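A short worksheet on the structure shown next.
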Amino acid sequence: MGKHNIIQPVKGTRDFYPEQMAIRTWLYNAVRKVSESFGYQEYEGPYLEYIDLYAAKSGEELVKEQSFVFPDRGGKLIALRPELTPTLARMVAQRQGQLTFPIRWWSYGPFWRYERPQKGRTREFFQWNLDLIGLASPITDAEIVSVITSFFRLIGLSSQEIIINVNNRRLMDVQLGKIGIKKNKKEVFRLIDRKEKLKQDAWLEYGIELGLTTDQINSLTNLLENKELWHQSEELEQFFDLIDVMGISDYVHYDPKIIRGLDYYTGTVYEAKSKDPSIKRAILGGGRYDNLLADVGGNPLPGAGFAMGDVVITLLLNQLQKLTKDLRVNPAPVFVTVFDDKHMAQSFRIADDLRKSGLNVNIYPQAIKLGKQIKYANRIGAKIVLIIGPDEIKDNTVTIKILNTGEQQTIGYKSVINYLIKMLEPDKSS
RNA sequence: GCGGCUGUAGCUCAAUGGCAGAGCGUCGCACUGUGGAUGCGAAUGUUGCGGGUUCGAUCCCCGUCAGCCGCCCCA
């Protein structure tokens with residue numbers, strides 16, 4: 001009997017009980033609403049891909065260390081998808097000739113990464129991907145960031161709670177050149193990425209290991225503290241102008257330390273973080289890539305997009321107590337009781353009539369004490385309880401009890417449906 | 001994959017090298033045509049799992065699994 005013989009869930013996975021599933025669905029609906037409000041189309045790729053798809057493009061680590069990989073019966077290596085961008089590249093490349101560019105696509109689905117699970121990080125997670133492909137322009141970057149801020153607003157996260165930090169890789173490339181850093185740029189980007197994480201002396205040491213001179217490290221440090229550096233990038237000047245025009249500059253800030261880990265970013269990059277220092281992980285990250293299809297054999301196409309995992313955002317919303325809004329766990333507001341075996345048929349009849357009229361209706365599947373049935377209805381979150389006993393059946397009426405006020409009245413059977421529909425109407429819109 | 005902390009009832013957590021505890025929740029009754037409140041009562045544990053030390057281990061030791069924190073990486 002005990003729980004000791006229950007087989008454990010796979011490490012790093014989550015069970016979605018109805019309460020959590022309601023949150024997951026709510027998040028998905030918010031994502032869909034915002035994506036579609038900007039005209040993005042939903043798409044989806046397979047959850048399984050040959051590992052070769054990732055081998056060329058994503059970072060080495062992502063494929064070798066962080067993917068769930070297994071051989072199929074023919075010995076070919078299959079990966080549970082660790083990210084969507086390579087799939088997107090393939091899907092676009094396959095139809096490159098027939099798509100109307102620019103395309104705006106979004107997707108929300110499961111991904112798997114073989115990582116050490118901890119707070120804000122699981123091995124199985126959901127990710128929102130949104131991309132605009134076919135144009136290389138700061139306008140598209142600004143649009144993507146605008147989608148992001150719309151999303152934050154929709155789910156109730158203000159610029160008090162969230163910040164989107166922006167930088168540009170081309171700008172950093174030029175600036176690094178100016179201070180004589182020409183080689184090892186990928187490594188230096190990594191060094192920049194870790195400025196905030198490492199302690200100062202550890203960071204300096206890392207820089208020296210990369211072969212930088214003390215002068216260069218000093219120059220780099222100055223660079224990374226220069227909040228006005230973006231004025232030297234025409235792209236970013238345009239970008240921030242647009243952000244201003246769109247009225248979202250309260251969320252968006254320039255930060256020369258933002259560089260992003262993925263290799264395929266080429267231009268403007270950004271990440272959103274919580275201002276609450278207890279959540280250090282990025283909520284979402286994205287940027288411009290100008291060479292999306294190169295590795296899957298298509299003609300090069302520029303694009304921009306971002307990805308947001310469900311774990312950190314849910315964690316944040318939980319912490320800020322923004323999830324308490326009416327997340328509907330019980331879909332049926334109406335609860336029909338069963339008086340006794342003799343009068344059960346009438347209860348089933350009315351439940352059926354109500355369902356035919358479009359109402360969601362629960363019925364107690366057993367003729368036990370009325371008190372228990374009402375108690376149960378209350379527990380599972382019903383709003384209205386119907387009582388059909390001998391008196392009601394004799395008079396051809398139904399007793400309606402509203403649970404949160406306790407008031408109750410008996411009305412004619414024929415008017416019950418309209419009465420309930422009217423009563424629940426304001427609820428339906430939400 | 002590496003380093004650290006933790007694991008006791010459904011949940012939150014006490015406790016002791018010698019009979020396993022509380023609060024909350026659950027269930028029952030007061031209340032056989034009416035829930036939430038109150039009162040009374042009840043059930044539930046191989047103390048994560050496996051091994052060792054010991055007369056005796058939930059406690060000490062080793063291993064393992066899982067969670068959390070950090071590294072790595074990133075959503």
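Just so it is clear, the model here is predicted, and its values are computed rather than measured. Below, read A as the first sequence line, B as the second, and so on, with proteins coming before strands; counting in each chain starts at 1.
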A:Gln8 near the nucleic acid: base, sugar-phosphate alone, or nothing, with a heavy-atom cut-off under 4.0 Å? sugar-phosphate
Salt bridge (charged side-chain N to carboxylate O under 4.0 Å, His left out) involving A:Arg95 - partner list, sequence neighbours excluded: none
Separation between the P atoms of B:C27 and B:G35, rounded to whole Å: 14 Å
Taking the side chain as every heavy atom from C-beta outward, state whether A:Asn360 and A:Asn330 have any pair of such atoms under 4.5 Å apart. no
With heavy-atom distances below 4.5 Å as the criterion, would you say the side chains of A:Ser67 and A:Tyr54 are in contact? no
Output all residues satisfying salt bridge (charged side-chain N to carboxylate O under 4.0 Å, His left out) with A:Arg14, sequence neighbours left out; order by chain, then residue number. A:Asp310
Considering every strand and a 4.0 Å limit on heavy-atom distances, what is the contact class for A:Lys273: base, sugar-phosphate, or nothing? nothing
To the nearest Å, give me how far apart CZ (A:Arg123) and C1' (B:C65) are. 12 Å
Provide the full list of salt bridge (charged side-chain N to carboxylate O under 4.0 Å, His left out) pairs with a residue in residues 24-50 of chain A, sequence neighbours left out, each pair given once. A:Arg32-A:Glu36, A:Arg32-A:Glu42, A:Glu44-A:Arg81, A:Glu49-A:Arg90
Which nucleotide in B:A30, B:G28, B:G33 has an atom nearest any side-chain atom of A:Lys369: B:A30
Could you write out each protein N or O paired with an N or O of nucleotides 40-43 of chain B at a distance under 3.5 Å?
none

How is A:Ile387 classified with respect to the nucleic acid when contacts are heavy atoms under 4.0 Å: base, sugar-phosphate, or nothing? base
Using the closest heavy atom to pick a nucleotide of RNA chain B for each, name whichever of A:Ile374 or A:Val311 lands nearer the 5' end. A:Ile374
Please state whether the phosphate of B:G70, meaning OP1 or OP2, lies under 4.0 angstrom from any side-chain nitrogen or oxygen of A:Lys119. no
Heavy-atom nearest nucleotide on RNA chain B for A:Gly371 versus A:Met308: which residue maps closer to 5'? A:Gly371
Regarding A:Pro390, tell me which of base, sugar-phosphate or nothing describes its non-hydrogen contacts under 4.0 Å with the strands shown. base
Say we look at B:G48 and B:A9: how far apart would their C1' atoms be, to the nearest angstrom? 14 Å
Taking only heavy atoms on the protein side, list every residue of residues 401-416 of chain A lying under 4.0 Å from any atom of RNA chain B, sorted numerically. A:Lys401, A:Leu403, A:Asn404, A:Gly406, A:Gln408
Spacing between A:Ile380 atom CD1 and B:U26 atom C1', to the nearest angstrom: 16 Å
Can you give me the closest heavy-atom contact between A:Ser357 and A:Ile417, atom names plus distance? OG-CG2, 3.3 Å
What is the nucleic acid contact for A:Asp310, judged by heavy atoms within less than 4.0 Å: base, sugar-phosphate only, or nothing? nothing
Take the protein atom CZ of A:Arg281 and the nucleotide atom P of B:C68, then report the distance between them rounded to whole Å. 11 Å
Between B:U16 and B:U47, how far apart are the two C1' atoms, rounded to whole Å? 12 Å
Within the sub-3.5 Å range, which N or O atoms of nucleotides 2-6 of chain B have a protein N or O partner, and how far apart are they?
from : atom 1 : to       : atom 2 : distance (Å)
B:C2 : N4     : A:Arg116 : NE     : 2.9
B:G3 : O6     : A:Arg116 : NH2    : 3.4

Please check the phosphate of B:U34 (OP1 and OP2 only) for any side-chain N or O of A:Gln373 closer than 4.0 Å. no
What is the distance, to the nearest angstrom, from the CG atom on A:Asp341 to the P atom on B:U32? 18 Å
Verify the distance criterion only: is there a donor paired with an acceptor across the side chains of A:Tyr254 and A:Asn167 at less than 3.5 Å? yes
Residues which pass ring pair (Phe, Tyr, Trp, His ring centres under 6.0 Å) with A:Tyr413, listed by chain and number, not counting sequence neighbours: none
To the nearest Å, how far apart are A:Leu386 CG and B:U34 P? 17 Å
Among pairs that include at least one residue of residues 134-146 of chain A, which meet side chain to side chain donor-acceptor pair (under 3.5 Å), considering only residues two or more places apart or in two chains? A:Tyr40-A:Glu143, A:Arg104-A:Glu143, A:Thr140-A:Arg288, A:Asp141-A:Arg288
Using a 3.5 Å cut-off and no angle test, enumerate the donor-acceptor pairs between side-chain atoms of residues 339-352 of chain A and protein atoms at least two apart in sequence or in another chain.
from     : atom 1 : to       : atom 2 : distance (Å)
A:Asp340 : OD1    : A:Lys342 : N      : 3.2
A:Asp340 : OD1    : A:His343 : N      : 2.9
A:Asp340 : OD1    : A:His343 : ND1    : 2.6
A:Asp340 : OD2    : A:His343 : ND1    : 3.3
A:Gln346 : OE1    : A:Arg349 : NH1    : 3.2
A:Ser347 : OG     : A:Thr337 : O      : 2.8
A:Asp352 : OD2    : A:Lys356 : NZ     : 3.1

Tell me what A:Gly12 touches on the nucleic acid: a base, only sugar-phosphate, or nothing, going by heavy atoms under 4.0 Å. sugar-phosphate
Nearest whole angstrom, please: distance from the P of B:A30 to the NZ of A:Lys375. 12 Å
Any side-chain heavy atom of A:Thr87 sitting closer than 4.5 Å to one from A:Pro46? yes
Whether A:Lys273 and A:Asp255 form a salt bridge (side-chain N of Lys/Arg under 4.0 Å from carboxylate O of Asp/Glu) is what I want to check. no
Filter on ring-ring contact (aromatic ring centres under 6.0 Å, His included), then keep only pairs touching residues 135-167 of chain A, sequence neighbours left out; what's left? A:Trp128-A:Phe151
Stems involving RNA chain B: give each as a range paired with a range, ordered by first number, where a stem means at least three consecutive Watson-Crick or G-U wobble pairs under 3.5 Å. B:1-7 with B:65-71, B:10-13 with B:21-24, B:26-30 with B:38-42, B:48-52 with B:60-64
Suppose you measure atom P in B:A14 against the same atom in B:G70; what distance do you get, rounded to whole Å? 22 Å
Taking atom P in both B:G25 and B:A37, what distance in whole Å separates the two? 8 Å
So does A:Arg379 get a side-chain nitrogen or oxygen closer than 4.0 Å to the phosphate oxygens (OP1/OP2) of B:C27? yes
Any side-chain donor-acceptor pair under 3.5 Å between A:Glu124 and A:Thr13? no
Select base, sugar-phosphate, or nothing to describe what A:Tyr376 touches, counting heavy atoms under 4.0 Å on all strands. nothing
Nearest-angstrom distance from the residue atom CD1 of A:Ile384 to C1' of B:G35: 15 Å
May I ask you to evaluate whether A:Lys280 reaches the phosphate of B:C71, defined as a side-chain N or O under 4.0 Å from OP1 or OP2? no
C1'-based separation of B:A43 from B:U26 [nearest Å]: 9 Å
Taking the side chain as every heavy atom from C-beta outward, state whether A:Asn378 and A:Phe335 have any pair of such atoms under 4.5 Å apart. no
Rounded to the nearest angstrom, tell me the gap between atom CD in A:Gln118 and atom C1' in B:G70. 7 Å
Residues pairing under side chain to side chain donor-acceptor pair (under 3.5 Å) where one sits in residues 362-377 of chain A, two or more places apart or in two chains, turn out to be none
Donor-acceptor pair (no angle test) under 3.5 Å: A:Glu271 side chain, B:A75 base: no
Could you walk me through whether A:Tyr43 and A:Trp105 satisfy the ring-ring contact (aromatic ring centres under 6.0 Å, His included) test, starting with their C-alpha distance in whole Å, then the side-chain angles of each, then the deciding distance to 0.1 Å, before giving a yes or no? CA-CA 7 Å; A:Tyr43 73 103; A:Trp105 286 3; 5.1 Å; yes
Interatomic distance at C1', B:U58 relative to B:G1, whole Å: 33 Å
